[in-house]
Q: 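Starting off with a structure, shown below.
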Amino acid sequence: MSQTANDPHRKSWIPVPSDSDFPIQNIPFGVFLTRDDVITIGTRIGDTAIDLGALHQLGYFRDIPLTDDIFLQDTLNDFISDGQKTWRLVRNCIANLFDQKNKELQNNADHRKIVLFNLDEIEMQLPVQIGDYTDFYSSKEHATNVGSMFRDPNNALLPNWLHVPVGYHGRSSTIVPSGIPIHRPMGQTLPQGAETPIFGPSKLVDFELEMAFITTDANQLGEPIPVDEAEDYIFGMVLFNDWSARDIQKWEYVPLGPFLAKNFASSISPWIVTLDALEPFRVESPRQDPTPLPYLQYSGKKSFDIHLEVDLSTENTPPQTITKSNFKYLYWNMSQQLAHHTVNGCKVNSGDMMGSGTISGPTKDSYGSMLELTWKGENPIELADGSKRKFIEDGDTVTFRGYCKNNDVRIGFGEVSNKLLPAFYTKKRK
């Protein structure tokens, strides 16, 4: 199906700032609460949110076979379940409707009043009900850095790492959208030189610069997804901060991996950008050596040139960019991740989320975590007011941004921004 929504020459009758992440070529999908306290599925062009539920009720999707309530829900799961053909029809229809040459809605003031919202009139929600969440460990640079810190630098990668997209099953109930504050987690740690653990708040809270992809219903139980078909089942992507408590993790992760160190909170950007919108920004993945097993061998360009940035701000200082990385650095791409996830017959459902793992680049200013940027805290980051950070402190706000850009268009994800609050202490009952 032709993706007319991607036409780089298309202009919208909705104003779009020159540096916007959301031109008419993007058309992401999200869920928001309107000024009338109604939850609806919507999209965004420039700084204008568009109520797709209202558009559908007004008959603007009349040529697409959609159920009456497909956009009148509090999650995107059912829409995602309709599959790639429906996503493309809807996206093309939206692009056509808001094209500056199309007067159908543009000249209907009553309908515009119902359908369009300023961003300060809405409240973004978690876009999908995430049934299952998997976090991969797919950046060679990140895995090498961590292995060098805690193991022999000459053998930083474990023997399986270059053969298999390593991952673990995470906790979906604590995934939140941008803007929701995060409490410092409590747990067990083993202080340096101690023989027995102590209980208390983590002292080494960290961010992990990741992206995540959202799937549709992909397979039956027992059915693997071929690597070159995997993208057919990926709806789109979000920015993903997979918060981490490094001291809790160090004590608990052997033998079964992270637990309390990772399940206290993860946060995502609220607009899901479709793979179709990212199509113009495809790039080659890093060369893989040794050659993966046949089920992980793919054809074509399976990665995307997505610029990633992290800002850190305190209660006393403005945002300061502390790292810049890129999604294209990932050694294992999304198609390989999904193919590996299902090669044993694991069933994947609409709304499932797969995290990329921390995305670190080849240089010190492109590392994707405080653990790497400060090298275990040995080289603190100096902020504008002269204060220093080894890890994230209470009151700090971490903000991720991501975007693609070429000579014709910029497609972005907006941001995911969350503040770290002190540990949550339960009041004792009298």
Q: Taking side chain to side chain contact (heavy atoms under 4.5 Å, CB included) as the test, write out the residues that go with Arg410, two or more places apart.
A: Asp21, Tyr403, Lys405
Q: Evaluate salt bridge (charged side-chain N to carboxylate O under 4.0 Å, His left out) for Glu284 paired with Lys301, printing each intermediate quantity in order.
A: CA-CA 5 Å; Glu284 299 282 356; Lys301 297 178 179 179; 5.1 Å; no
Q: With a 4.0 Å cut-off on N to O distance, would you call Asp47 and Arg44 a salt bridge?
A: yes
Q: Before we go on, tell me: are the rings of Phe207 and Trp243 under 6.0 Å apart, centre to centre?
A: no
Q: Should Ile50 and Leu116 count as side-chain neighbours, where that means a heavy-atom distance under 4.5 Å?
A: yes
Q: Hey, do the aromatic rings of Tyr253 and Phe259 have their centres closer than 6.0 Å?
A: no
Q: Contact between Phe281 and Asn406 at the side-chain level, heavy atoms closer than 4.5 Å - yes or no?
A: yes
Q: Less than 4.0 Å between a side-chain N and a carboxylate O, is that true for Glu309 and Arg401?
A: yes
Q: Would you call the rings of His183 and Phe424 parallel, tilted or perpendicular, taking 30° and 60° as the class edges?
A: perpendicular
Q: Would you tell me whether Asp217 and Ser81 have side-chain atoms, one donor and one acceptor, within less than 3.5 Å of each other?
A: yes
Q: Evaluate the side-chain hydrogen bond (donor to acceptor under 3.5 Å, both in side chains) criterion for residues Gln73 and Asp78: first the C-alpha distance (whole Å), next the side-chain angles of each, then the deciding distance (0.1 Å), finally the verdict.
A: CA-CA 9 Å; Gln73 308 198 31; Asp78 283 357; 3.2 Å; yes
Q: Quick check on ring pair (Phe, Tyr, Trp, His ring centres under 6.0 Å): which of Phe327, Tyr133, Phe400 does Phe240 satisfy it with?
A: Tyr133
Q: Please tell me if the side chains of Arg10 and Thr4 come closer than 4.5 Å, counting only heavy atoms from C-beta onward.
A: yes
Q: Drop me the distance from Asn333's CG to Phe136's CZ, to the nearest 0.5 angstrom.
A: 11.0 Å
Q: For the pair Glu315 and Lys419, find out whether any cationic side-chain nitrogen is under 4.0 Å from an anionic carboxylate oxygen.
A: yes
Q: With side-chain contact (heavy atoms from CB on, under 4.5 Å) as the test, pick out the partner of Asp51 among Ile122, Thr40, Val38, Ile41.
A: Thr40
Q: With a 6.0 Å cut-off on the ring centroids, do His142 and Tyr329 count as close?
A: no
Q: Can you say whether the rings of Phe79 and Phe71 are parallel (under 30°), tilted (30 to 60°) or perpendicular (over 60°)?
A: tilted
Q: When rounded to the nearest 0.5 angstrom, what is the spacing between CD1 in Ile234 and CE in Met334?
A: 5.0 Å
Q: Does the side chain of Tyr367 come within less than 4.5 Å of Glu141's, by heavy atoms?
A: no
Q: Would you give me the side-chain donor-acceptor pairs under 3.5 Å for residues 56-67, sequence neighbours excluded?
A:
residue: His56; atom: NE2; partner: Thr67; partner atom: O; Å: 3.0
residue: Tyr60; atom: OH; partner: His111; partner atom: ND1; Å: 2.7
residue: Arg62; atom: NH1; partner: Gly59; partner atom: O; Å: 2.8
residue: Arg62; atom: NH1; partner: Glu104; partner atom: OE2; Å: 3.4
residue: Arg62; atom: NH2; partner: Glu104; partner atom: OE2; Å: 2.9
residue: Thr67; atom: OG1; partner: Asp69; partner atom: OD1; Å: 3.3

Q: Got a donor-acceptor contact below 3.5 angstrom from the Thr189 side chain to the Asp247 backbone?
A: no
Q: Okay, side chain of Thr216, backbone of Ile80: is any donor-acceptor separation there less than 3.5 Å?
A: yes
Q: Do Thr399 and Val310 touch side chain to side chain, with heavy atoms closer than 4.5 Å?
A: no
Q: Can you confirm whether or not the ring centre of Trp161 sits under 6.0 Å from the ring centre of Tyr331?
A: yes
Q: Given the rule in the side-chain hydrogen bond (donor to acceptor under 3.5 Å, both in side chains) test, do Asn6 and Arg91 qualify, once you have shown the distances and angles that lead to the verdict?
A: CA-CA 9 Å; Asn6 285 6; Arg91 196 164 160 271; 2.7 Å; yes
Q: Shortest non-hydrogen contact from His340 to Leu296?
A: CB-CD2, 4.0 Å
Q: Looking at residues at least two apart in the chain, or sitting in another chain, which of them share a ring pair (Phe, Tyr, Trp, His ring centres under 6.0 Å) with Phe304?
A: none
Q: When Val398 is tested against each of Ile392, Val205, Leu420, Asp311 for side-chain contact (heavy atoms from CB on, under 4.5 Å), which residue passes?
A: Ile392
Q: For Asn145 and Glu372, does a side-chain donor sit closer than 3.5 Å to a side-chain acceptor?
A: yes
Q: Backbone N or O of Tyr233 within a donor-acceptor pair of the Thr215 side chain at under 3.5 Å?
A: no
Q: Take Lys11 and Asp99, measure what salt bridge (charged side-chain N to carboxylate O under 4.0 Å, His left out) needs, and give me the verdict at the end.
A: CA-CA 6 Å; Lys11 302 293 183 183; Asp99 190 294; over 6 Å; no
Q: Can Ser244 and Gln249 be said to form a side-chain hydrogen bond (donor to acceptor under 3.5 Å, both in side chains), step by step?
A: CA-CA 8 Å; Ser244 180; Gln249 183 171 347; 3.3 Å; yes
Q: May I ask you to test the Met353-Ile268 pair for a side-chain heavy-atom distance under 4.5 Å?
A: yes
Q: Would you tell me whether Thr75 and Asn77 have side-chain atoms, one donor and one acceptor, within less than 3.5 Å of each other?
A: yes
Q: Taking the side chain as every heavy atom from C-beta outward, state whether Leu157 and Lys140 have any pair of such atoms under 4.5 Å apart.
A: yes
Q: Is there a side-chain contact between Ser313 and Pro318 (heavy atoms, below 4.5 Å)?
A: no
Q: With a 4.0 Å cut-off on N to O distance, would you call Asp365 and Lys324 a salt bridge?
A: no
Q: Could you check whether Arg246 pairs with Glu208 (Lys NZ or Arg NE/NH1/NH2 to Asp/Glu carboxylate O, under 4.0 Å)?
A: yes
Q: Going by atom types alone, do Asn326 and Asp305 pair a side-chain donor with an acceptor below 3.5 Å?
A: yes
Q: Would Arg282 and Glu231 pass as an ion pair if we require N to O under 4.0 Å?
A: yes
Q: Step by step, would you call Asn418 with Ser267 a side-chain hydrogen bond (donor to acceptor under 3.5 Å, both in side chains)?
A: CA-CA 8 Å; Asn418 306 82; Ser267 43; 3.0 Å; yes
